[in-house]
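None of the values given here were measured: they were computed from a predicted structure.
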Amino acid sequence: MTARSTPGRDAAPPPPVAAAGRGGAFGRALSYEWVALRSLRTPWVLCGSAVAAQVLVDLAVGRDGTSGLRQFAAGMVGVTLIGFVLLAAFGVNALGGEYRHRTLTRSVLTLGDRRGILLAKATLTGAVTASVAAVMVLVNALSVPVLGKTSLPVAEAVAPGAAAVLYAVLCALVGLALAGVTRNSTLSIAVVTLWPVLLENLLVLTTGFGRNLAPFGAAAAQAQAGDGSGPRWLLMLPLAVLTTVLLTAAGVLLRRRDV
């Protein structure tokens, strides 16, 4: 899945300096990025496509009389196997689009704080992704009584639902960080897509590397938990560490490299 942008449509016009708002350097950067994001089409198409994909998954997933929790867990495939690609592409586009359209220089000249720009992009990306993922989880939860004709134990669904939201946020931030490291949207999306689908599985099968240590696989397992065994939040730790390392590398490179 590549996040293509149409020149002249998806290149953000310069946000007005007056829209920078208050709240210090970070507040100005966050307001600036929000104005820029609202002027783009591609990010919102990706978010809408993620929700639409969840609806299609819920319509296609088997409703074979299993418990409501297991049906809910089966529907989480929409977030962990389909939606994550679209939301990761959203993260890539947040910074990769700036490099593609050469608008990052304008942002740096306007705001002057490169670290603040990356932090604002990460905050906004995380907030939007969390909102979209939460809608996907809600759609999946509502589909259980409607399509599965069975009740969903809400208390037991909270942990995997929250894990799915966190998983989506971390995937989007990994995409954002990879775009900062590589400065190439296509390469970043290819890496963030093939990593969990192909590379991690090859690593586990060929080296005996523990699945609980594979960043994407372990986090997705928590999001798909449907046995009522309760949260195992340590499964999120490898992906959280990977996200932190990549964001740190992106921040260091953004400060040292020309834009």
Side-chain angles (χ1 to χ4, degrees), residues 1-3 46 50 53-54 73 76-96 118-119 121-123 125-130 132-134 136-137 159-227 229-254:
M1 176 70 191
T2 56
L46 291 170
Q54 181 64 58
M76 280 295 93
V77 171
V79 178
T80 58
L81 291 183
I82 301 175
F84 98 89
V85 178
L86 297 165
L87 296 178
F90 173 84
V92 170
N93 192 76
L95 186 53
L118 182 62
L119 182 59
K121 285 183 179 295
T123 301
T125 296
V128 173
T129 304
V132 174
M136 296 173 71
V137 171
V165 173
L166 179 57
Y167 177 78
V169 170
L170 292 176
C171 288
L173 292 179
V174 167
L176 173 72
L178 284 172
V181 171
T182 65
R183 296 194 288 188
N184 186 298
S185 296
T186 303
L187 177 60
S188 299
I189 294 175
V191 171
V192 80
T193 301
L194 293 178
W195 192 331
V197 174
L198 180 62
L199 298 182
E200 282 191 358
N201 289 325
L202 286 176
L203 183 64
V204 170
L205 293 175
T206 59
T207 67
F209 189 78
R211 287 191 179 275
N212 287 345
L213 298 177
F216 290 95
Q222 168 62 24
Q224 293 174 342
D227 54 5
S229 60
R232 295 176 292 167
W233 292 107
L234 285 178
L235 293 178
M236 287 288 176
L237 186 59
L239 185 56
V241 171
L242 174 65
T243 304
T244 302
V245 170
L246 289 176
L247 282 174
T248 301
V252 171
L253 292 174
L254 182 60

Notebook entry, point to check: Is V137 close to M76 at the side-chain level, that is, under 4.5 Å between some pair of heavy atoms?
Noted result: yes
Item checked: Partners passing side-chain contact (heavy atoms from CB on, under 4.5 Å) against V245 (at least two apart in sequence or in another chain) -> V241
Margin query: I'd like to check the side-chain contact (heavy atoms from CB on, under 4.5 Å) partners of T244; sequence neighbours left out, ordered by chain and number.
Written below: T248
Item checked: Within residues 172-194 or reaching into it, pairs that qualify as ring pair (Phe, Tyr, Trp, His ring centres under 6.0 Å) - sequence neighbours excluded -> none
Check: Rounded to the nearest 0.5 Å, how far apart are CG of L205 and CG of N201?
Finding: 6.0 Å
Checklist line | Any residue meeting side-chain contact (heavy atoms from CB on, under 4.5 Å) with L242, in chain and number order, not counting sequence neighbours | finding: W195, P215, F216, L239, L246
Item checked: Test side-chain contact (heavy atoms from CB on, under 4.5 Å) applied to L213 - qualifying residues, sequence neighbours left out -> F209
Check: What pair of heavy atoms forms the shortest contact from T125 to T129, and how long is it?
Finding: O-OG1, 2.7 Å
Check: From L176 CG over to L118 CG, what is the distance, rounded to the nearest 0.5 angstrom?
Finding: 6.0 Å
Item checked: Least distance between heavy atoms, G96 atom then A179 atom -> N-CB, 3.7 Å
Next item on the list: Return each pair, listed once, that meets ring pair (Phe, Tyr, Trp, His ring centres under 6.0 Å) where at least one residue sits in residues 170-190; pairs must be two or more places apart or across chains.
Entry: none
Checklist line | Straight-line distance of T243 OG1 to M236 CE, nearest 0.5 Å | finding: 10.5 Å
Notebook entry, point to check: Partners of S188 by side chain to side chain donor-acceptor pair (under 3.5 Å), sequence neighbours excluded?
Noted result: T182
Could you tabulate the donor-acceptor pairs under 3.5 Å formed by side-chain atoms of residues 161-175, not counting sequence neighbours?
none

Notebook entry, point to check: Taking all non-hydrogen atoms of both residues, which atom of M136 and which atom of Q54 are closest, and how far apart?
Noted result: O-CG, 3.4 Å
Next item on the list: Enter the distance from T193:OG1 to L199:CG here, rounded to the nearest 0.5 Å.
Entry: 10.5 Å
Check: What is the minimum heavy-atom distance between F90 and V128, and which atoms define it?
Finding: CZ-CG1, 3.6 Å
Notebook entry, point to check: Under a 4.5 Å cut-off applied to non-hydrogen side-chain atoms, are L178 and V92 in contact?
Noted result: no
